[in-house]
Asker: 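So that we are looking at the same thing, I have put the structure below in structure tokens.
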Amino acid sequence: MKKVKVMTVFGTRPEAIKMAPVILELKKRSRQFDEVTVVTGQHREMLDQVLSVFHIEPKYNLNVMESKQTLSSLTSKVLLRLGKIIEKEKPYIVLVHGDTTTTFAAGVAAFYQQTKVGHVEAGLRTWNKYSPYPEEMNRQLTDVLSDLYFAPTEQSRTNLLHENHPKEQIFVTGNTAIDALNQTVRQDYQHPVLNLIDTGKKMILVTMHRRENQGAPMRRVFKVMREIVETHPDIEIVFPVHLNPTVQEAANSILGSHERIHLIAPLDVVDFHNLAAHSYFIMTDSGGVQEEAPSLGKPVLVLRDTTERPEGVRAGTLKLVGTDPNTVKTAMLQLMDDNVEYQRMAMAENPYGDGHASQRIADIILNDFIKG
Ligand code: UD1
Ligand code: UDP
């Protein structure tokens with residue numbers, strides 16, 4: 001049989017982490033698939049960290065990143081540069097992931113070349129155009145362009161059906177985040193950050209970067225965090241700060257220079273997953289971290305007003321607290337003081353699959369190719 005040429009396109013840290021297991025699966029089945037990896041380079045250092053951990057060498061890098069880049073410049077660069085590569089490589093299908101600008105622009109570039117689009121992590125929704133911004137529109141628009149939908153959960157499948165996407169093209173696969181997680185967490189893990197933390201103290205792991213949180217919402221949450229650390233000597237914060245200059249500035253000015261607040265560079269994914277496994281609880285506005293925490297048994301305070309991951313809220317691991325200072329403070333104190341509530345959140349079950357999503361995705365592509 002002729003090999004199926006699959007082009008995987010991604011550009012940011014979370015896409016890379018969740019696309020890596022798919023790429024490794026396609027490469028393992030090299031008698032069936034010819035996998036071509038393209039990175040847009042929407043992220044630079046944070047993308048390179050993931051490529052290095054999973055030993056992935058892209059065939060093409062569009063190198064689009066600029067400091068403080070805008071959505072329009074990113075979109076137009078990806079569209080122009082990727083179109084030429086799709087035209088030259090002529091893949092059977094272009095696989096995109098999630099909801100970034102890379103995802104949407106790559107979907108349009110494939111459509112312009114009349115090439116099939118497969119959307120990994122399809123069907124997540126808040127139904128709120130500006131929350132998260134621009135991700136909600138990126139994923140809705142990508143789903144309009146897609147031919148195969150790899151929905152991580154039944155909920156995401158239902159969302160796609162609600163928008164009249166064709167039933168026979170939607171497949172519930174589980175989330176590839178769990179595939180990745182199965183390869184990273186180790187019992188004997190060591191990292192210098194762990195040595196900084198007094199074992200008698202509770203470590204809160206923090207990440208925050210979303211566009212709609214930058215400015216006042218982010219600053220007021222950071223102020224609450226600092227206040228809690230100052231009034232609770234048994235608490236430490238570890239915060240690997242996103243490389244976005246706006247986030248760096250806010251974190252350094254409000255959370256900097258405190259001996260129990262560790263502002264560190266972004267961690268590679270092995271370090272981050274293992275540190276999360278050592279944390280007491282997590283505070284984040286990240287999408288991917290919300291999927292990983294249930295598997296690690298860690299409560300998460302979600303620093304957003306909406307989430308496209310209601311499965312984790314229903315399971316009990318995630319609590320949506322937004323960015324109102326009183327709500328954030330109350331939720332932090334409750335997790336620190338109320339052991340019953342803490343255990344309830346920590347014991348929840350992982351709703352994101354069994355860690356075999358990548359194999360299912362490869363099988364579905366192969367079947368689609370054979371069907372013609
Ligand atoms: C992007 C995605 C967001 C995702 C996030 C994951 C869009 C619109 N946003 O947001 O959905 O949650 O990635 O982290 O697609 N930078 C560096 N080095 C890096 C990465 C970023 O210096 O390795 C700096 C650059 O100045 C860049 C800025 O961060 O201009 C913002 O990067 P960008 O990809 O536009 O936005 P993110 O907030 O990272
Ligand atoms: N992550 C990482 N290093 C860090 C912080 C996060 O590897 O310092 C991982 C995390 O485990 C998750 C992903 O990055 O898999 C989430 O990426 P991010 O928060 O940047 O984006 P989002 O998921 O919000 O789109």
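Just so you know, these numbers come straight off a predicted model, no measurement behind them. One-based numbering, in listed order, for ligands and for the atoms of each.
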Asker: Could Arg309 and Glu121 be called an ion pair, given the rule that one side-chain N must be under 4.0 Å from one carboxylate O?
Answerer: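 Here Arg309 pairs with Glu121 in a salt bridge, since their nearest N and O are under 4.0 Å apart.
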Asker: Nearest heavy atom to atom 28 (C) of ligand 1: which of Asp285, Asp99, Asn244 does it belong to?
Answerer: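 Answer by nearest heavy atom: Asn244.
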Asker: State whether Glu291 and Lys18 are salt-bridged, where the test is any N-O pair (Lys NZ or Arg NE/NH1/NH2 against Asp/Glu carboxylate O) under 4.0 Å.
Answerer: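 A salt bridge is present here (some side-chain N lies under 4.0 Å from a carboxylate O).
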Asker: Between Asp143 and Arg125, is there a side-chain N and carboxylate O pair less than 4.0 Å apart?
Answerer: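 A salt bridge links Asp143 with Arg125.
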Asker: Going by distance only, is there an N or O of Pro134 that falls short of 3.5 Å from an N or O of ligand 1?
Answerer: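 Among all N and O atoms of Pro134, none is under 3.5 Å from an N or O of ligand 1.
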Asker: Can you sort out which atoms of ligand 1 are near Arg44, meaning under 4.0 Å from one of its heavy atoms?
Answerer: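 In order of number, 19 (C), 23 (O).
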Asker: I want to check something: taking the side chain as every heavy atom from C-beta on, are Phe272 and Pro240 in contact at a cut-off of under 4.5 Å?
Answerer: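 Yes, their side chains come closer than 4.5 Å.
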Asker: Any nitrogen or oxygen of Gln214, side chain or backbone, less than 3.5 Å from one on ligand 1?
Answerer: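 No - when backbone and side-chain N and O of Gln214 are compared with those of ligand 1, no distance drops under 3.5 Å.
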Asker: Would you kindly say whether Thr327 and Thr330 are connected by a side-chain donor-acceptor distance under 3.5 Å?
Answerer: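 The answer is no; no qualifying pair exists.
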Asker: Starting from atom 26 (O) of ligand 1, what is the nearest protein heavy atom, named by residue and atom, and what distance separates them?
Answerer: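 Checked against all protein heavy atoms, atom 26 (O) of ligand 1 sits closest to Lys68 N, 3.1 Å.
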Asker: Nearest heavy atom to atom 2 (C) of ligand 1: which of Gln49, Gln42, Arg13, Gln69 does it belong to?
Answerer: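 When every heavy atom of Gln49, Gln42, Arg13, Gln69 is considered, Gln42 comes closest to atom 2 (C) of ligand 1.
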Asker: Sort out for me which residue in Val6, Asp368, Thr115 forms a side-chain contact (heavy atoms from CB on, under 4.5 Å) with Tyr92.
Answerer: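 Between Tyr92 and the candidates, side-chain contact (heavy atoms from CB on, under 4.5 Å) is satisfied uniquely by Asp368.
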Asker: Less than 3.5 Å between some nitrogen or oxygen of Glu45 and one of ligand 1, yes or no?
Answerer: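 Between Glu45 and ligand 1, an N or O pair is found under 3.5 Å apart.
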Asker: Quick check: does Thr100 get an N/O under 3.5 Å from an N/O on ligand 1?
Answerer: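 Checking ligand 1 against Thr100, no N or O pair falls under 3.5 Å apart.
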Asker: Can you tell whether the side chains of Glu89 and Lys84 come within less than 4.0 Å, N to carboxylate O?
Answerer: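 So Glu89 does not pair with Lys84 through a salt bridge.
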Asker: Less than 4.0 angstrom from a charged side-chain N to a carboxylate O is my criterion; do Arg13 and Asp48 meet it?
Answerer: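 So Arg13 does not pair with Asp48 through a salt bridge.
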Asker: Work out which heavy atom in Pro299 is nearest to a heavy atom in Tyr280; give both atom names and the distance.
Answerer: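 So the two residues come closest at CD-O, 3.8 Å.
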Asker: Which ligand 1 atoms are under 4.0 Å away from a heavy-atom of Leu71?
Answerer: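 Counting atoms of ligand 1 from 1, those under 4.0 Å from Leu71 are 8 (C).
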Asker: What is the nearest protein non-hydrogen atom to atom 36 (O) of ligand 1, stated with its residue, atom name and distance?
Answerer: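 Residue, atom and distance for the closest contact: Arg211 NH1, 3.4 Å.
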Asker: Would you check whether Glu135 has a nitrogen or oxygen atom less than 3.5 angstrom from a nitrogen or oxygen atom of ligand 1?
Answerer: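 Yes, Glu135 has an N/O under 3.5 Å of an N/O on ligand 1.
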Asker: What protein heavy atom sits nearest atom 21 (C) of ligand 1, and how far off is it?
Answerer: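 Among all protein heavy atoms, the one nearest atom 21 (C) of ligand 1 is His43 CD2, 3.7 Å.
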Asker: On a heavy-atom basis, which atom in Glu349 and which in Pro294 lie closest, and how many Å separate them?
Answerer: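 For Glu349 and Pro294, the tightest heavy-atom pair comes out as O-CB, 4.2 Å.
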Asker: Between Glu236 and Lys201, does at least one N-O distance fall below 4.0 Å, as a salt bridge requires?
Answerer: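 No.
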Asker: Checking a contact table here: which protein heavy atom is nearest atom 22 (O) of ligand 1, and how many Å away?
Answerer: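 Result for atom 22 (O) of ligand 1: Met65 CE, 3.4 Å.
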Asker: Measuring from atom 6 (C) of ligand 1, which candidate in Ser73, Gly11, Pro14 has the nearest non-hydrogen atom?
Answerer: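 Looking at heavy atoms only, Pro14 sits closest to atom 6 (C) of ligand 1.
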Asker: Considering His209, Arg139, Glu66 one by one, which has a heavy atom nearer to atom 30 (O) of ligand 1 than any of the others?
Answerer: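 Result: the heavy atom closest to atom 30 (O) of ligand 1 is in Glu66.
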Asker: Show which atoms of ligand 1 fall inside a sub-4.0 Å distance from at least one heavy-atom site of Pro245.
Answerer: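 Close to Pro245: 26 (O).
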Asker: Would you call Glu135 and Arg139 a salt bridge, taking side-chain N to carboxylate O under 4.0 Å as the test?
Answerer: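 Salt bridge between Glu135 and Arg139, a charged N being under 4.0 Å from a carboxylate O: no.
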Asker: Would you please write out the protein residues whose heavy atoms approach any atom of ligand 2 to under 4.0 angstrom, listed by chain and number?
Answerer: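 For ligand 2, the contacting residues are Arg13, Pro14, Ile17, His209, Arg210, Pro240, Pro266, Leu267, Asp268, Val269, Phe272, His273, Ser286, Gly287, Gly288, Val289, Glu292.
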Asker: Would you list the pairs meeting salt bridge (Lys or Arg N to Asp or Glu O under 4.0 Å) in which at least one residue belongs to residues 312-331, sequence neighbours left out?
Answerer: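 Those involving residues 312-331 are Glu227-Lys329, Lys319-Glu341.
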Asker: Measuring centre to centre across the rings, with the benzene-like ring taken for any Trp, is His43 within less than 6.0 Å of His242?
Answerer: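 Yes; His242 has its ring centre under 6.0 Å from that of His43.
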Asker: Should you measure from each heavy atom of Thr101, which atoms of ligand 1 turn up under 4.0 Å away?
Answerer: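 Selected atoms, number and element: 7 (C), 8 (C), 15 (O).
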